[in-house]
Amino acid sequence: MKIERHDTDILILGSGGAGLFAALHAQQTAPNAKITLAVKGLIGKSGCTRMVQGGYNVSLGRGDTVERHFMDTINGGKWLPNQDMAWKLCKLAVERIHELENEVGCFFDRNSDGSLHQKAFAGQTFDRTVHKGDLTGIEIINRLMEQVLARPIDKLQEHRAIGLIPTKDGASLSGVLFIDMRTGGFRFVRAKAVLMATGGGPTMYKYHTPSGDKTMDGLAMALRAGLQLRDMEMVQFHPTGLLAGDHTRMTGTVLEEGLRGAGGELHNSHGHRFMFDYDDKGDRATRDVVSRGIYAEMRKNNVSPNGGVYISMSHLGPDNVRTKFPGMVKRCADSGFDLAAGKVEVVPTAHYFMGGVVVDENTRTAMEGLYVAGEDAGGAHGSNRLGGNGVANSTVYGGVAGEVMGQDIQTMNALRDPDETVLDAEVARALHPLSNRPTLIQPLRTQLQDAMWDDVGVMRTATGLKRGAKALDALDEELMTLGVDDGNLAFNLTWHDWLNLRSLTDISKTITAAALAREDSRGAHFREDFPEAGAMETSTYTVAEQDGKGVKITQQKVEFTIVKPGETLLGDDEPETLVGTA
Amino acid sequence: MIRPHRNHPLWLAFMLHRVSGVALALFLPIHFYVLALALTDPAALNDFFALTENIWVKITEFGLVFLLAAHMLGGLRLMAMEWLPWSDRQKTFAATAVAGAFAISCSFFLSAVSL
Amino acid sequence: MSQELSVSVWRSETNAFQEFAVPAQDNQTILDVVSWIQANSDPTLSYRFACRVGMCGSCAMMVNGEPRWTCRTHVKKVLKSNSLQIAPLRNLPVVKDLATDMEPFFDKWVEAKGVFQGTKTRHDAIEPILPDTAERVAASTAIECINCAVCYAACDSVSGNADYLGPAALNRAWSLVNDVRDGAYEERIEAVSGTGGCHNCHSQGGCAKYCPNDLNPSASIAGLKRKTTRNWFGWGRS
Amino acid sequence: MLTTRLYMLQRLTALIMAPLVLGHLAVMIYAVQGGLDAAEILGRTQGSVLWMLFYGAFVAAVATHAAIGVRVVAFETFGLSKSVLTPLTWLIFILLLSLGLRAVYAVTLSGVLG
Ligand SMILES: Cc1cc2nc3c(=O)[nH]c(=O)nc-3n(C[C@H](O)[C@H](O)[C@H](O)COP(=O)(O)OP(=O)(O)OC[C@H]3O[C@@H](n4cnc5c(N)ncnc54)[C@H](O)[C@@H]3O)c2cc1C
Ligand code: HEM
Ligand code: SF4
Ligand code: F3S
Ligand code: FES
């Protein structure tokens, strides 16, 4: 198989908030460098940053402080976050939002006096979420995309990264192997610095929110390249995903959190408002609590026709709902549901992946030349991500990566040569299904999603996790026997379905192993057999690493570099929460 | 060709304006030629006018005046849309333009045939 | 609804429509129909999607001759005598089957100067802007575009004129022309006044009719014609 | 293919023509009553400077307007290349202008001068 070769100075994988910001900042830091942006989909039109609804957390004074934002992030992450990363996230978010408004051209919603409007998002002690209606991500990504498209940056669209290719000694990264999806050919791009910003994405669950192009390729590549991954058991579920049947891609997509905030009620099949059976805050409890409440109802079989529960808004007055949530009402209507006057079936849905590659607060990894930012990087959120911290994280660290790479390449003289055996192995790996007899791929994806949902999902037990691990091993074996027609490799979605499944299976195994190793319940990770959170002072996080054919999980002590459990950065006179005061 | 994506009033208004414009442009040289007959061959001009008693010629003329009126009203509508602050009533505008054109040309036609 | 839909899908290899029978479902979008075919019936079918909820604008196709975002188009809404015809979006080159090359669309977006040019930096305060001044309302009305190119496919001025920047790019330019924070008014007016500029719009209105987000590029372009006319007479901005 | 200049020319000539078209239509409706008659028409127009200016302006405007209009259609509908468009526009303009002015001359001045 012929491989096209191509050289660049800085290579960026992914065009979400992290990838686009990296491209911009790299160009600003090193204007003469050759910068290449490679994406699995179209630039700016793939990934999840575009799908951000709620908004962007940033402390902009008026009583709020970076310290307060930081404490919310640490508390939300149940003391597992890498504190230096969390601090930098909160601090730089302030500069980033100014940059987005003043330089990139985003226009966020204003108060009637012309200042930025900030709204409440669950789990925070200040109304600090900047937004553009309920379509914040489109505004951020469209504006970033324009800026990037207008600059002299090389674009490799519909180029799927399939392997990180190290140098012979394995210490540094030489470049990245791609499939040019439009032709089906291979392309190897050498670069002095590579940013991986492929955005994680827990799409191995039966119900999931992320965009279809996200299938954990980045983390699977990193794992194969020998990098350490942390917090891999931490999968965030959003409680209210649309449930419209297994045959539609709409199933799993998010019905926004604001619905419950505004008074939306969750009912089971008997019309019972069940959330108060599980938590005093009822329907307004946090994401993880509500997800578990719904999951418990599903187990008791109090379910709607498609196997979920209902969200009901009609008691708030259909017209009121229509004016308050026009986007959601229209979206449901397009799918055939009446959110304003009727009730809509919902189910918890896998939303965000807190786990990721171990990096420092400058996005550097253990491998020279490889940088990771955005949802692919672990550490900033710990065991749970606050709503509104996801896009702040990807834009902050994408920008950091751009600057750091722009500086680092000044001292890297030459491009590094690849280990050709790894290159060949990666090509062979991708070609594997083409030599098998063609079969359908989708049924196996469904099996994977069922296995992960049933046994490695919202609530976990050792028995379930072990059952899940066994199912995954079987799935893995079967996957290697599935074949894809090699008649025409150009835009061959079925081939990519197979490759997607390959990455998802690898990472699913890692999630399962980490979940089994973590014998407590923190944030998004809930073990029915270990329901306690454990002592905060001795908190550890999991680190996964490739070990032969399997994965090895170790526990690392959390370093409380800025604040220790029981302490706070807030002054004695500062109230615990300022929600609703600004 | 009216393909599905063209099947709406504003596209039809556009097509009417285009067809009428081109038809007028094709008719004009003939019109000028006929009038110039006054200079070269006045008798021929009168013969031509005699033709206008013919019902088919009348219908053709009706068509032309209709096109001129429709084109003008359509053109005024466009300029109103482009230069006056935008209004969502443009569709009504389009309809009014065509209706107005129709009225004018009908009155012309009626007065021409009602002898 | 009967048990099976008869669906004809454009295939680039044969340059012809190919027939498929697809099981009908209660909640089924056009994207689901296409996905079903690829997953179950013909694995070689190519198409594009990402978000599946109407945010990314990558799934647009011609459905029964009309441009639509397929992930948010319910089958029931467009089904005609139990059959569907699905083709790649008009006015763009086809990569394969139902997937088009959107490059010309985005090149024009940049050509129309659909890119913000700030006058401030990240170290300056964010400009207080009253949300309901006439200019801001105009800018905001045009802003929620997902660059799906549905309008671009609906427009016959685009099909007739390869240079024409098209409704989406001009709509973006109009939003920026009204953005008081932007510092490139003159360049943008220049950019939309050239051979492919706003004057090539013949107010066909298909853009506004089909925009899935209820935007009105037609109105935005009319706005640009107004501004360029003022500029031509040397009358200043508003 | 319209630039701002051509666009403005087309709109301005259209604006000039609007009242002229109305006037012309009114005369036509009046004239056809009782049938068209060369002598009647010529009797009204011949020797009238006002009618000459009226129709002269009309012809100048329409030649410009229609030439630009046909150019657009030739480009968009028939895909004529850009190199032929400009000569074509001028050709139509000159053709319409000369034919038109000759007609105006015929119905207004010819009797007086010749
Ligand atoms: C529906 C939804 C709503 C959300 N709402 C919010 C919110 O309100 N607030 C908030 O803070 N966060 C929210 N998030 C989370 C937020 O979107 C993410 O945290 C963040 O945007 C991730 O950014 P990223 O740049 O890392 O990845 P993404 O934006 O996901 O981009 C990943 C990019 O990598 C590309 N890619 C993937 N694989 C490959 C490959 N193999 N080769 C090349 N390229 C590849 C993709 O095509 C894409 O371009 C939401 C997420 C979802 C799904
Ligand atoms: C009798 C003489 C006229 C002729 C021969 C004529 C011819 C044409 C032609 C051929 C076009 C091009 C059509 C197109 O682009 O689709 C056109 C366009 C146009 N005409 Fe006329 N026209 C005449 C009178 C008028 C009048 C009286 C008005 C208005 C008051 C007018 C307004 C317009 C406008 C605004 C356009 C531009 C349409 C567009 O850009 O979409 N025309 N004309
Ligand atoms: S204006 Fe509407 S139809 Fe056109 S690209 Fe934007 S969202 Fe799509
Ligand atoms: S459809 Fe095309 S012609 Fe103008 S009004 Fe819209 S851009
Ligand atoms: S898939 Fe994103 S808009 Fe349809």
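Below, chain A is the first sequence line, B the second, and so on; all start at residue 1.
Within a 6.0 Å sphere centred on CZ of Phe233(C), other residues, nucleotides and ligands contribute more than 12 heavy atoms.
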Listing needed: what donor-acceptor pairs below 3.5 Å join chain D with chain C?
from     : atom 1 : to        : atom 2 : distance (Å)
Leu2(D)  : N      : Asn200(C) : OD1    : 2.7
Leu2(D)  : O      : Asn200(C) : ND2    : 3.3
Thr4(D)  : OG1    : Ser193(C) : O      : 3.0
Glu76(D) : OE1    : His202(C) : NE2    : 3.1
Glu76(D) : OE2    : His202(C) : NE2    : 2.8
Lys82(D) : NZ     : Asp163(C) : OD2    : 2.4

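For residues 49-60 of chain D, heavy-atom neighbours of chain C at less than 4.5 Å comprise no residues at all.
With sequence neighbours left out, Ile92(D) forms a side chain to side chain contact (heavy atoms under 4.5 Å, CB included) with Ala67(D), Val70(D), Leu88(D), Leu96(D). Every residue two or more places apart in sequence or in another chain that forms a ring pair (Phe, Tyr, Trp, His ring centres under 6.0 Å) with Phe93(D) is listed here: Trp90(D).
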